[in-house]
Amino acid sequence: MRKTIIAGNWKMYKTIKEAIELTTGLKREFFKLDFAKVDVVVCPVFTALSEVSEVLNETGIGLGAQNVYWKEEGAFTGEVSPAMLKDAGCQYVIIGHSERRQFFGETNESVNNKIKAALKVELTPIICVGENLSQRESNNTFKVIEDQIKNSLADISPEDMLKTVIAYEPVWAIGTGKTATPAQAQEVHAYIRGLLKALFGAEVSSSLRIQYGGSVKPENITELMNQPDVDGALVGGASLKVDSFSAIVTKASEVKK
Ligand code: PEP
């Protein structure tokens, strides 16, 4: 059985004060949540991580960053190391989000370096993959996913893979209001699970959690979660408000798998 995992990617939104307000609101909403059924993670901007970590203290809600660099320390202006994220209170880090691939030149190779560095300090990587619209329209979705999975996960052991989460995020569905249909999501999730089996074996394939991301909202989470290979969601826009994020988490935790 794979435990549901819902993560909120706050992107480049929220000042420290606003992040504390949102976290305080979520803490109130999740006071009675059964964390045995669902892992909940919030991923604020770097500047708010420490303060959000203090608010989250012992609530059961996890903390993640949105990016990381693979070096331990050094002359790398503007970058943040895995150990620094741990120091700020993180347990998770999003790696290879399509916005980073698209706007900041992230490649499968840099994603691979980042995953390995995160695993070294026991940060759980949430590894993002997904095709863009022209790749989908030219029937290249599986090819793109295969390429991303094979190269981003190169030289990672099955034991380490068990400590990761994958997020399938079709780029055309991120921030656009267009969600993949549950059948489209399931088709790619099942494909990823098949690839994981071929690359890392049956245990990784059956245990690793695969989140769906792309315009997830309270209105569509239940049908997405009803798909056998959808184990949770990476939520952008709808994670910025207490009401919508808590509704998504509650509905996801109610789906019987
Ligand atoms: C995301 O940022 O990973 C995301 C899926 O965004 P949205 O939910 O806004 O589409």
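Both counts, for ligands and for their atoms, begin at 1 and track the order of listing.
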Undergrad: Which ligand 1 atoms, with their elements, are less than 4.0 angstrom from a heavy-atom of A173?
TA: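 Matching atoms, with element in brackets: 10 (O).
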Undergrad: Could you tell me, atom by atom, which parts of ligand 1 come under 4.0 Å of a heavy atom of G175?
TA: 7 (P), 9 (O), 10 (O)
Undergrad: Quick test: of every protein heavy atom, which one is nearest to atom 8 (O) of ligand 1, and how far off is it to 0.1 Å?
TA: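 Here the closest protein heavy atom is G236 N, 2.8 Å.
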Undergrad: Using a strict 4.0 Å cut-off to heavy atoms of S215, name the atoms of ligand 1 that fall inside it.
TA: 7 (P), 8 (O), 10 (O)
Undergrad: How far is atom 3 (O) of ligand 1 from its nearest protein heavy atom, and which residue and atom is that?
TA: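 Ranking protein heavy atoms by distance from atom 3 (O) of ligand 1, first comes E169 OE2, 2.7 Å.
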Undergrad: If you draw a 6.0 Å radius around CD in E72, do more than 12 non-hydrogen atoms from other residues or ligands fall strictly inside?
TA: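 Open.
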Undergrad: Can you find an N/O atom of H97 closer than 3.5 Å to an N/O atom of ligand 1?
TA: yes
Undergrad: So N57 and E54, do their side chains get closer than 4.5 Å, heavy atoms only?
TA: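 Not in contact.
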Undergrad: Using the six-membered ring wherever Trp is involved, compare the ring planes of H189 and Y168 and label them parallel, tilted or perpendicular (cut-offs 30° and 60°).
TA: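 Judged by the thresholds at 30° and 60°, the geometry between H189 and Y168 is perpendicular.
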Undergrad: Going by the order shown, which atoms of ligand 1 are within less than 4.0 Å of some heavy atom of I174?
TA: 4 (C), 6 (O), 10 (O)
Undergrad: Decide whether the shortest distance between a heavy atom of G214 and an atom of ligand 1 is less than 4.0 Å.
TA: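 Heavy atoms of G214 do come under 4.0 Å of ligand 1.
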Undergrad: Once side-chain hydrogen bond (donor to acceptor under 3.5 Å, both in side chains) is applied, what residue pairs with a partner in residues 203-225 remain, sequence neighbours excluded?
TA: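 As it turns out, the side-chain hydrogen bond (donor to acceptor under 3.5 Å, both in side chains) pairs with a partner in residues 203-225, which skip direct neighbours, are D39-R209, T179-N220.
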Undergrad: A quick test of your reading: do over 12 heavy atoms of other residues, nucleotides or ligands sit less than 6.0 Å from CD of E79?
TA: yes
Undergrad: Is L234 close to ligand 1, meaning an N/O of one under 3.5 Å from an N/O of the other?
TA: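 No; the residue has no nitrogen or oxygen that sits under 3.5 Å from a nitrogen or oxygen of the ligand.
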Undergrad: Applying the side-chain contact (heavy atoms from CB on, under 4.5 Å) test to Y92, which of L63, L123, T124 qualifies?
TA: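 Single pass found, and it is T124.
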Undergrad: Would K217 count as a contact residue for ligand 1, given that I'm defining contact as a non-hydrogen atom of the residue lying under 4.0 Å from a ligand atom?
TA: no
Undergrad: Which of these, K257, K3, R193, sits in a salt bridge (charged side-chain N to carboxylate O under 4.0 Å, His left out) with D231?
TA: R193
Undergrad: Would Q148 and N108 count as a side-chain hydrogen bond (donor to acceptor under 3.5 Å, both in side chains) if you check the C-alpha gap in whole Å, the side-chain angles of each, and the deciding distance to 0.1 Å?
TA: CA-CA 6 Å; Q148 290 176 341; N108 290 328; 5.2 Å; no
Undergrad: Would you mind listing which atoms of ligand 1 come within a distance below 4.0 Å of any non-hydrogen atom of G237?
TA: 7 (P), 8 (O), 9 (O)
Undergrad: Under 4.0 Å from a heavy atom of N9: which atoms of ligand 1 are those, numbered in the order shown and with their elements?
TA: 1 (C), 2 (O), 3 (O)
